[in-house]
Amino acid sequence: MVTESVVNNKTITNWMSESATTVSAECDYLTQLDSAIGDGDHGLNMRRGFDSVTKALAGQDDSLPPGRLLIVAGKTLVSTVGGASGPLWGTALRRAGRSLGDSEEFEAEELARALEAALEGVVELGAATQGDKTMVDALGPAVDGLNHAVEAERPIAVALTAAAEAAEEGMRATIPMQARKGRASYLGERSVGHQDPGATSTALILRALEAAVASEA
Ligand code: ADP
Ligand code: MG
């Protein structure tokens with residue numbers, strides 16, 4: 001019998017440290033994307049934020065449930081990142097954490113609901129919809145991809161690969177878009193032809209989640 005891998009507090013810690021590693025490795029690239037259509041700080045914001053999250057989580061009690069860890073991570077992002085991405089990702093992780101509640105383990109369905117709650121938080125705070133050239137263009141398709149895979153009863157690792165691929169496709173689809181939210185919207189038509197930095201880091205964070213769950217299997 002194939003046992004379905006479950007997600008626990010270790011998965012969350014791994015997800016956050018994988019995210020820190022990948023946004024740090026891609027810091028220059030993210031900053032370069034933000035220099036084209038923003039103020040050139042996105043890589044630095046994300047690196048600072050996720051490095052702080054990794055430190056904050058290292059100081060937590062081992063018995064803290066996954067949802068609580070995500071709430072700590074979200075609060076840390078809000079308090080350490082000045083740019084738009086701090087409150088947006090901070091809200092996303094806090095909402096995901098609240099959705100998971102206090103259970104110690106969960107499976108693909110709960111994870112899909114948590115990611116959906118994260119997206120709802122981002123949309124409530126930033127009022128962006130798909131097509132506005134923001135992180136929502138990567139997170140929205142990731143949530144849809146995860147939901148479809150879960151409905152098709154795919155194993156969690158496969159479902160997360162689908163989510164990460166959908167995020168990357170959404171990220172690439174931001175290139176021809178004109179920005180309607182955030183700093184890039186000030187550029188109007190000049191924002192066309194550039195990939196959105198926030199959609200790019202979102203795709204990296206989804207790949208980090210895929211890797212964190214795969215490392216448990
Ligand atoms: P800032 O724009 O304050 O410098 P960052 O550079 O860290 O913050 O983040 C920029 C990214 O934030 C954008 O590429 C976009 O994806 C995302 N973003 C900005 N405004 C919004 C919004 N209202 N809703 C969703 N995402 C947004
Ligand atoms: Mg910026």
Side-chain angles (χ1 to χ4, degrees), residues 16 19-54 56 73-96 114-145 163-164 166-209:
M16 293 296 106
S19 296
T21 303
T22 183
V23 297
S24 180
E26 301 298 333
C27 180
D28 288 350
Y29 175 53
L30 294 172
T31 286
Q32 197 186 314
L33 292 174
D34 196 34
S35 299
I37 56 168
D39 57 354
D41 62 355
H42 188 61
L44 301 168
N45 285 341
M46 295 302 281
R47 186 175 68 187
R48 183 182 333 109
F50 278 91
D51 279 351
S52 305
V53 166
T54 309
K75 286 184 176 164
T76 306
L77 287 181
V78 172
S79 63
T80 55
V81 180
S85 52
L88 288 166
W89 262 110
T91 301
L93 296 183
R94 281 199 325 226
R95 290 291 185 93
L115 212 61
E116 194 155 1
L119 172 65
E120 281 164 12
V122 170
V123 169
E124 265 174 46
L125 181 65
T129 52
Q130 285 188 45
D132 285 349
K133 197 180 182 101
T134 70
M135 62 181 283
V136 171
D137 290 306
L139 194 53
V143 167
D144 292 343
E168 284 170 359
E169 205 174 303
M171 163 196 92
R172 284 189 292 271
T174 64
I175 297 173
M177 291 175 187
Q178 179 172 332
R180 287 193 291 251
K181 284 282 180 302
R183 269 177 211 285
S185 66
Y186 309 155
L187 292 182
E189 283 176 9
R190 280 182 295 134
S191 64
V192 173
H194 301 277
Q195 188 169 298
D196 180 61
T200 309
S201 57
T202 298
L204 294 174
I205 292 167
L206 266 297
R207 278 286 176 210
L209 178 58

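Here the structure is a predicted model, which means the values were calculated and not measured. Read the numbers this way: they start at 1 and go in the same order the structure lists the ligands and their atoms.
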Given 3.5 Å as the limit, does a donor-acceptor pair link the side chain of [X] with the main chain of [Y], or not?
{"X": "Thr22", "Y": "Ser19", "result": "no"}
{"X": "Thr31", "Y": "Gly43", "result": "yes"}
{"X": "Ser24", "Y": "Thr21", "result": "no"}
{"X": "Lys133", "Y": "Thr174", "result": "yes"}
{"X": "Asp132", "Y": "Thr129", "result": "yes"}
{"X": "Ser191", "Y": "Ala179", "result": "yes"}
{"X": "Asp137", "Y": "Gly131", "result": "yes"}
{"X": "Asp34", "Y": "Leu30", "result": "no"}

If you count the non-hydrogen atoms of other residues, nucleotides and ligands that lie under 6.0 Å from [atom1] in [X], is the total more than 12?
{"X": "Asp28", "atom1": "CG", "value": "no"}
{"X": "Gln130", "atom1": "CD", "value": "yes"}
{"X": "Lys181", "atom1": "NZ", "value": "yes"}

Smallest heavy-atom separation, Arg95 atom then Ala117 atom, equals CB-O, 3.5 Å
Between His42 and Gly198 the two heavy atoms that sit nearest each other are NE2-CA, 3.7 Å
Students should be able to answer this: which protein heavy-atom is nearest to [atom], and at what distance?
{"atom": "atom 13 (C) of ligand 1", "value": "Asp196 OD1, 3.5 Å"}
{"atom": "atom 24 (N) of ligand 1", "value": "Ala128 CB, 3.5 Å"}
{"atom": "atom 23 (N) of ligand 1", "value": "Gly126 O, 2.9 Å"}
{"atom": "atom 7 (O) of ligand 1", "value": "Ser85 OG, 2.6 Å"}
{"atom": "atom 17 (C) of ligand 1", "value": "Leu88 CD1, 4.2 Å"}

Atoms of ligand 1 less than 4.0 Å from [X] heavy atoms?
{"X": "Asp41", "result": "4 (O), 5 (P), 6 (O)"}
{"X": "Asp39", "result": "4 (O)"}
{"X": "Gly83", "result": "3 (O), 8 (O)"}
{"X": "Gly182", "result": "19 (C), 20 (N)"}
{"X": "Asp34", "result": "6 (O)"}

Is it the case that ligand 1 has an N or O less than 3.5 angstrom from some N or O of [X]?
{"X": "Lys181", "value": "no"}
{"X": "Met135", "value": "yes"}
{"X": "Arg183", "value": "yes"}
{"X": "Ala84", "value": "yes"}

Any heavy atom of His42 under 4.0 Å from ligand 1? The part involved is both
Quick look: Thr134 vs ligand 1, heavy-atom contacts under 4.0 Å, and the answer is both
Near the Mg ion (ligand 2), protein N/O/S count under 2.8 Å comes to 3
Contact check, Pro197 vs ligand 1, heavy-atom distance below 4.0 Å = yes
*asked:* Could you tell me if the side chain of Trp89 sits less than 4.5 Å from the side chain of Ile205, heavy atoms only?
replied: yes
